[in-house]
Amino acid sequence: MIIYVCCFFILAIDQTQVMKAFFDQIHKVEEEILDEYLKAWQPYEVPKKTIMTYEGDVERYMYFVLEGVQKSYYLNNGKEQIIAFTYFPSFSGIPESFLTQSPSKYFLTTITESKFLRISFEEHQRLLKAYRPIETLFRKATELLLIDMLNRYFEMTVLDMETRFKNFTFRSPHLLQMVSQKDLASYLRMDASNFSKLMGKIKI
């Protein structure tokens, strides 16, 4: 029992340090305030191929990914259209549903077994109101999310299929080993057969 408790304590410290380093890249917050905020994040594990949030659900939690890969998608005539992948170290969840507490327009599911730290909407709001630096941190995080979304919109609407593929493999080559070609093709808005042809044609 002593060994178990000690190992759990070390793991908790490591997770906290990982999150601190992640948040520091967005906006540095006084350590005492950040420690108080991080206390509200709780461990959470989900088996692979599990829907965490359904279309129509209100997202009650924001997640920080420790292990595993997740995808968000909507259904178009019964076919999955992938919006995003999340993996360590990043946030996960349905951000607009979480921020507005309105029904989600799409799904969030695990691709692999996944481990997270998560915080409830209520706790998140309480700490935003209590600590201005935390509010600033998440304002900047939201700005980064908006920039990423606009960049993706530009790529999907302006760039041709081959350029989208090249940009993706340059930016995120690790996902080729983590996610099926079918899902990657959906994310890049192309047929799986075209994705396979580009894999054989373009040197990665």
Side-chain angles (χ1 to χ4, degrees), residues 8-48 50-75 81-153:
F8 180 83
F9 180 68
I10 291 171
L11 178 61
I13 291 175
D14 289 344
Q15 291 174 348
T16 299
Q17 293 305 317
V18 166
M19 286 196 73
K20 282 184 176 180
F22 179 78
F23 287 142
D24 279 349
Q25 292 179 352
I26 301 171
H27 176 68
K28 285 192 177 293
V29 175
E30 185 179 343
E31 189 166 2
E32 289 184 4
I33 294 176
L34 190 56
D35 286 342
E36 188 65 25
Y37 178 66
L38 293 178
K39 288 178 184 177
W41 291 74
Q42 300 299 316
Y44 185 65
E45 298 186 17
V46 183
K48 66 180 181 180
T50 300
I51 297 177
M52 295 173 61
T53 307
Y54 284 82
E55 178 187 9
D57 285 354
V58 174
E59 183 64 270
R60 304 296 184 187
Y61 294 93
M62 176 167 52
Y63 301 88
F64 180 81
V65 184
L66 297 172
E67 294 181 20
V69 185
Q70 306 80 43
K71 63 181 178 182
S72 54
Y73 63 92
Y74 64 92
L75 294 177
Q81 296 289 330
I82 310 295
I83 298 170
F85 300 106
T86 51
Y87 46 89
F88 174 84
S90 68
F91 293 118
S92 188
I94 309 291
E96 62 270 43
S97 178
F98 178 81
L99 292 171
T100 63
Q101 288 297 279
S102 59
S104 172
K105 294 180 174 63
Y106 49 95
F107 297 80
L108 173 69
T109 189
T110 56
I111 295 176
T112 65
E113 180 179 354
S114 300
K115 296 181 180 180
F116 307 91
L117 293 173
R118 71 178 187 176
I119 187 170
S120 70
F121 176 79
E122 291 76 17
E123 276 295 281
H124 180 64
Q125 288 298 307
R126 180 182 68 81
L127 290 159
L128 285 184
K129 292 176 182 177
Y131 300 107
R132 182 63 180 272
I134 299 297
E135 183 181 38
T136 301
L137 168 67
F138 278 91
R139 175 180 57 78
K140 292 189 175 183
T142 303
E143 290 170 356
L144 292 173
L145 175 63
L146 176 60
I147 291 168
D148 284 344
M149 291 175 64
L150 291 173
N151 285 339
R152 173 162 166 74
Y153 178 77

field: From Ile111 atom CD1 to Ile82 atom CD1, the distance as rounded to the nearest 0.5 Å
entry: 7.0 Å
- request: Please report the shortest heavy-atom distance between Thr112 and Ser114, naming the atom on each side.
  value: O-OG, 2.8 Å
- line: Between the CG atom in Leu117 and the CZ atom in Phe91, the distance rounded to the nearest 0.5 Å is 11.0 Å
statement: Rounding to 0.5 Å, atoms CZ (Arg139) and CD1 (Ile26) come to a distance of 12.0 Å
task: Quick one: sort the His124 and Phe98 rings into parallel, tilted or perpendicular, breaks at 30° and 60°.
output: tilted
- prompt: Should Glu113 and Val46 count as side-chain neighbours, where that means a heavy-atom distance under 4.5 Å?
  reply: no
field: Point-to-point distance, once rounded to the nearest 0.5 Å, from CD1 of Ile119 to CG of Leu38
entry: 8.5 Å
field: Which atom of Asp24 lies closest to which atom of Leu34, heavy atoms considered
entry: OD1-CD2, 4.5 Å
task: Begin from the C-alpha positions of Tyr106 and Glu96 and carry the test side chain to side chain donor-acceptor pair (under 3.5 Å) through to its verdict.
output: CA-CA 11 Å; Tyr106 49 95; Glu96 62 270 43; 2.9 Å; yes
query: Once you round to the nearest 0.5 Å, how far does CG of Leu108 lie from OG of Ser72?
result: 6.5 Å
message: Would you say that more than 12 heavy atoms from the other residues, nucleotides or ligands in this model lie under 6.0 Å from the OH of Tyr74, or not?
response: yes
task: Apply the test side chain to side chain donor-acceptor pair (under 3.5 Å) to residues Thr86 and Gln70: give CA-CA distance (whole Å), side-chain angles for both, the deciding distance (0.1 Å), then the verdict.
output: CA-CA 5 Å; Thr86 51; Gln70 306 80 43; 2.7 Å; yes
- request: Sorted by first residue and then second, give each salt bridge (Lys or Arg N to Asp or Glu O under 4.0 Å) pair with at least one member in residues 128-137; sequence neighbours left out.
  value: Arg132-Glu135
field: Counterpart residues, side-chain contact (heavy atoms from CB on, under 4.5 Å), relative to Gln25 (two or more places apart)
entry: none
- request: Look at Glu122 together with Arg126 and state whether they make a salt bridge at an N to O cut-off of under 4.0 Å.
  value: no
field: Distance, nearest 0.5 Å, that separates CG of Asp57 from CD1 of Ile94
entry: 9.0 Å
field: Minimum heavy-atom distance Pro89-Phe22, with the two atoms named
entry: O-CE1, 3.2 Å
message: Minimum heavy-atom separation for Ser97 and Pro103, please, with both atom names.
response: OG-C, 4.1 Å
message: Just to verify, what does Tyr63 make a side-chain hydrogen bond (donor to acceptor under 3.5 Å, both in side chains) with, not counting sequence neighbours?
response: none
query: Hey, are the side chains of Arg60 and Gln101 touching, using non-hydrogen atoms and a 4.5 Å cut-off?
result: yes
task: Let me see the working for Met19 and Trp41 under side chain to side chain contact (heavy atoms under 4.5 Å, CB included), right down to the final yes or no.
output: CA-CA 10 Å; Met19 286 196 73; Trp41 291 74; 3.7 Å; yes
- prompt: When you look at Met62 and Phe138, which way does the side chain to side chain contact (heavy atoms under 4.5 Å, CB included) test go after all the steps?
  reply: CA-CA 12 Å; Met62 176 167 52; Phe138 278 91; 3.5 Å; yes
field: Closest contact, heavy atoms only, His27 versus Leu137
entry: O-CD1, 3.7 Å
By ring pair (Phe, Tyr, Trp, His ring centres under 6.0 Å) - contacts of Phe85 (at least two apart): Tyr187
Ring pair (Phe, Tyr, Trp, His ring centres under 6.0 Å) against Tyr73, all qualifying residues, sequence neighbours excluded: Phe107
message: What verdict does the side chain to side chain contact (heavy atoms under 4.5 Å, CB included) test give for Val29 and Phe23, after you've listed the backbone C-alpha separation in whole Å, the side-chain angles of each residue and the deciding distance to 0.1 Å?
response: CA-CA 8 Å; Val29 175; Phe23 287 142; over 6 Å; no
By side-chain hydrogen bond (donor to acceptor under 3.5 Å, both in side chains) - contacts of Asp35 (at least two apart): Lys20
query: Would Ser104 and Glu55 count as having a side-chain donor-acceptor pair, cut-off 3.5 Å?
result: no
message: In terms of relative ring orientation, are Tyr61 and Tyr44 parallel, tilted or perpendicular, with 30° and 60° separating the classes?
response: parallel
Ion pair Lys39/Glu36, N-O distance below 4.0 Å: yes
- prompt: How about Lys71 and Tyr87: do any of their side-chain heavy atoms sit closer than 4.5 Å?
  reply: no
query: Any side-chain heavy atom of Phe64 within less than 4.5 Å of one from Leu66?
result: yes
